Asks: 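Take this structure first; my questions come after.
Since the model is a prediction, treat every value here as computed from it, not as a measurement.
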Amino acid sequence: MRKMALYICFGMLFNLYTPSVQASLIDRAIKVDSPSEKKVYRIAGEKHLAPFSYIDDAGKFTGFSIDIFKEIAEKEEVEFQYIPMDLHQAVQALQEGKVDAVIGMKYSAEQSERFQFSEPYFTMADAVVVPKIDAASVDSLTDLRGNTIAMQYEPNSFELLLNIRRVEFQLALNQEDALNFLMMGRADALFSNKWTAEYYLKQSGRQEQYTIINNLGVPTEFAAAVQPRETELLSLINRSLSHMQANGEYQKLYAEWFAPSPDEQLKELRNWIIVLIVLISLALLVLWLAYVWNQRLKKEVKKRTHALADANRQLEVQQQAISEANAFKTQIINHMYYGILTFDRTCQLTSINQRAKEMLGLQNLLSIHTNDIHKQPLIQQLFHTHAEMFQEKPVPMLVSDEVEDEINGERRFILYRLIPLYEESRQMNGYLLTLADRSEERKLEKKLATQEKMRALGQLVAGVAHEIRNPLTFMKTFIDLLPKKYEDPAFRGELMKHVPEALNRMNRIVENLLDYARPKYPRKKVFSADPFLQSIAAIIQPTLKKQGIRLEMEIEPDMQLYCDPDQMKQVLLNLMLNAQDAMEVSKEKVLTIQAFTSNHLGWIEVKDTGCGMNQEEMSHLAEPFYTTKPHGVGLGLTLCYQWIKENNGEMNVESKQEAGTVFTVMLPISDEGGEESSETIYSHS
């Protein structure tokens, strides 16, 4: 519909030019003086298509197309009468036979059905003219959508622009009028060839306000159109055009019309020379800067090369040092007493030292894999016991325990420590497992424990000997008097009263002493605290009396304990003997035993008035073989801690120099409480 409306509008414009006007134009055809015998052809040309064909300021019909056909007329000895018209007038005149040819006409398939076209003498693509402020937004014809385009109607160009969406047209009779529509603001862009647009823009003096965007249209050919019957005219035009292109006359005419003027050429040449000088200067400057930079770069490269060589030498020295350090560390780790294994987060073995191989019985294997390690009963037990740790659940930073295992047919006591390993970002990346064989230490501890018990037993025997001597002396006296006073009833009554009592007392002392000396494993049971503590007092009492120590006891009635009475007897006797040694030079010598229940636990306090301990001595109490006694072996308290732990108890120590010491033993009071265990068995203040 839009296309039909444009055709109707254009037809109305065309009808304004009546046949009489066309006839007057033809009658006023421009004639060229020539002999009358020459054949005359009427040639129509567009009068507003500068610089191809137009009427100049002097009223002369001229242009590139006119000069081309003047040369053709001269060579072919024919006469051309030139008739300036608008394009649509020329086409109608040719169709009606009023002219013989139309020059400067664009070839199209539609027109080729009505006319014959000569060979093209000019080829060009249409351009778009837009105001400079809009030039940046136009890169192709599709950028014109939604705009109004001014143009002279021409089938090829019009069909091309109809394919753009929402475009409106402002049709004109010629290129000059179309440009005027643009300059008057009645259109947003002009669709024309660039040479015609440049000519009329320059003529109007407004060429600085507009931009010509070249080669946006389809390339088209300028040619001459003739009636189908004018084969002779068409032949001479084609023949002459071919000769002109061959002998250079065409190029000469092209240069006259389209090459810049000498002044413009000189100006353009001068501009090019300036640009060339600037470019050469910049190139020289760049070359000089490149040379300077190259020299500096050479110096810097030389400097950096020396620095890199020094760094390489230092790196080699460091690598050698690292290699030696690694070899040294490897030797140390492989010859350590402890076995060391490391695992990644998935418990895959990453390293193992020689000691660990020996402890696990794998020293004969050339290469050890993770499966070999996980088959070991010790490792299986460890990973099962601490499964939470390997599931990355909250666990202590250090897991340590001692296990008994059979390795190569021998019972071994292995102390292990399992430690999570962390990166600098505190992300856990594996585990460290250390193994220590404490079998020999256990044997030595057992031997030293026996020595410690024998030493304590010696102290007890001295007190017991003193205590037994009294009833023995008493019994010897009765025996010595027996022959003389046997008949005396009073004497026999005293004998029957005191001798059995003395014998019973000696028997109790000997039995308690044997209970202390006899080694036993924990056999827990519930028992009363009062008779238990009284039996211990009976053993220690002779020794305390010999040292002038007063024993005070406060025992809660009906108090019970759940533990091994033999082990606890040895613990409390050991604590009392230590208290006795601590009060050796004290002015006031009092040993106090208090027993009571609190928080579902049985509390036994052993308090002395001895010399006390400082913080340094307190910090080493739990260490084996640490002692301040001239003849001690340092295992008494260590054994006490171990036995208390085996009975699920705890022990606290409070001490102050010159103010005495208090050892507090906390034990379960029932079978239910005895099932509970405590990880901390010792603390001090």
Side-chain angles (χ1 to χ4, degrees), residues 329 332-343 347 349-363 368 372-390 395-421 430-452 519 521-522 567 571 619-627 633-651 677-684:
K329 291 178 182 177
I332 292 176
I333 292 174
N334 281 330
H335 291 83
M336 287 182 66
Y337 175 74
Y338 294 97
I340 298 176
L341 301 92
T342 58
F343 302 87
C347 300
L349 180 69
T350 56
S351 66
I352 180 173
N353 71 342
Q354 187 63 33
R355 178 60 175 161
K357 295 179 184 178
E358 295 173 359
M359 295 177 65
L360 296 174
L362 302 173
Q363 65 271 25
I368 298 178
D372 299 326
I373 296 297
H374 285 284
K375 290 178 182 178
Q376 298 300 311
L378 174 63
I379 303 300
Q380 290 179 353
Q381 178 183 352
L382 187 149
F383 276 58
H384 176 73
T385 304
H386 305 289
E388 291 186 354
M389 185 173 192
F390 302 103
V395 294
M397 289 293 294
L398 170 65
V399 175
S400 179
D401 201 356
E402 184 176 307
V403 295
E404 185 178 357
D405 191 23
E406 183 174 343
I407 301 175
N408 295 332
E410 297 182 6
R411 301 302 297 177
R412 314 295 289 179
F413 293 90
I414 305 298
L415 174 65
Y416 69 83
R417 294 193 178 192
L418 185 60
I419 306 170
L421 299 177
Y431 308 92
L432 170 65
L433 175 63
T434 62
L435 305 175
D437 189 347
R438 298 193 68 247
S439 302
E440 296 298 327
E441 292 181 16
R442 273 300 191 95
K443 293 179 182 179
L444 182 58
E445 286 178 4
K446 186 175 181 181
K447 182 178 179 181
L448 292 176
T450 303
Q451 293 180 3
E452 178 70 13
Y521 292 99
Q567 286 187 338
V571 169
S619 63
H620 295 288
L621 281 181
E623 297 180 5
F625 312 113
Y626 175 78
T627 180
V633 293
L635 282 177
L637 286 177
T638 304
L639 291 173
C640 290
Y641 300 145
Q642 180 177 341
W643 290 329
I644 291 173
K645 178 181 179 182
E646 290 175 356
N647 286 275
N648 301 323
E650 298 182 15
M651 182 166 69
S677 63
S678 175
E679 290 297 328
T680 303
I681 65 165
Y682 163 72
S683 64
H684 65 269

Asks: Please name all residues satisfying side chain to side chain donor-acceptor pair (under 3.5 Å) with Gln354, sequence neighbours left out, ordered by chain then number.
Replies: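 By the side chain to side chain donor-acceptor pair (under 3.5 Å) rule, Gln354 matches no residue at all.
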Asks: Testing Leu418, Leu421, Leu341 one by one against Leu432 for a side-chain contact (heavy atoms from CB on, under 4.5 Å), which residue passes?
Replies: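 Filter result, single survivor: Leu421.
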Asks: From Ile644 CD1 over to Gln567 CD, what is the distance, rounded to the nearest 0.5 angstrom?
Replies: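 Between Ile644 CD1 and Gln567 CD, I get 10.0 Å after rounding to 0.5 Å.
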Asks: What heavy-atom pair brings Tyr431 and Cys347 nearest, and what distance separates the two atoms?
Replies: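 Minimum heavy-atom separation between Tyr431 and Cys347: CE1-SG, 4.4 Å.
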Asks: Calculate, to the nearest 0.5 Å, the distance between atoms OG1 and CG belonging to Thr434 and Leu415 respectively.
Replies: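 Taking OG1 in Thr434 and CG in Leu415, the distance rounds to 7.0 Å.
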Asks: Taking side-chain contact (heavy atoms from CB on, under 4.5 Å) as the criterion, tell me which of Ile379, Ile419, Ile340 meets it with Leu433.
Replies: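 Checked Ile379, Ile419, Ile340 against Leu433; only one passes side-chain contact (heavy atoms from CB on, under 4.5 Å): Ile379.
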Asks: Enter the distance from Leu435:CG to Tyr416:OH here, rounded to the nearest 0.5 Å.
Replies: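 That separation rounds to 10.0 Å.
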Asks: With sequence neighbours left out, what residues match Thr342 under side chain to side chain donor-acceptor pair (under 3.5 Å)?
Replies: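 Side chain to side chain donor-acceptor pair (under 3.5 Å) check on Thr342 returns Thr350, Ser351.
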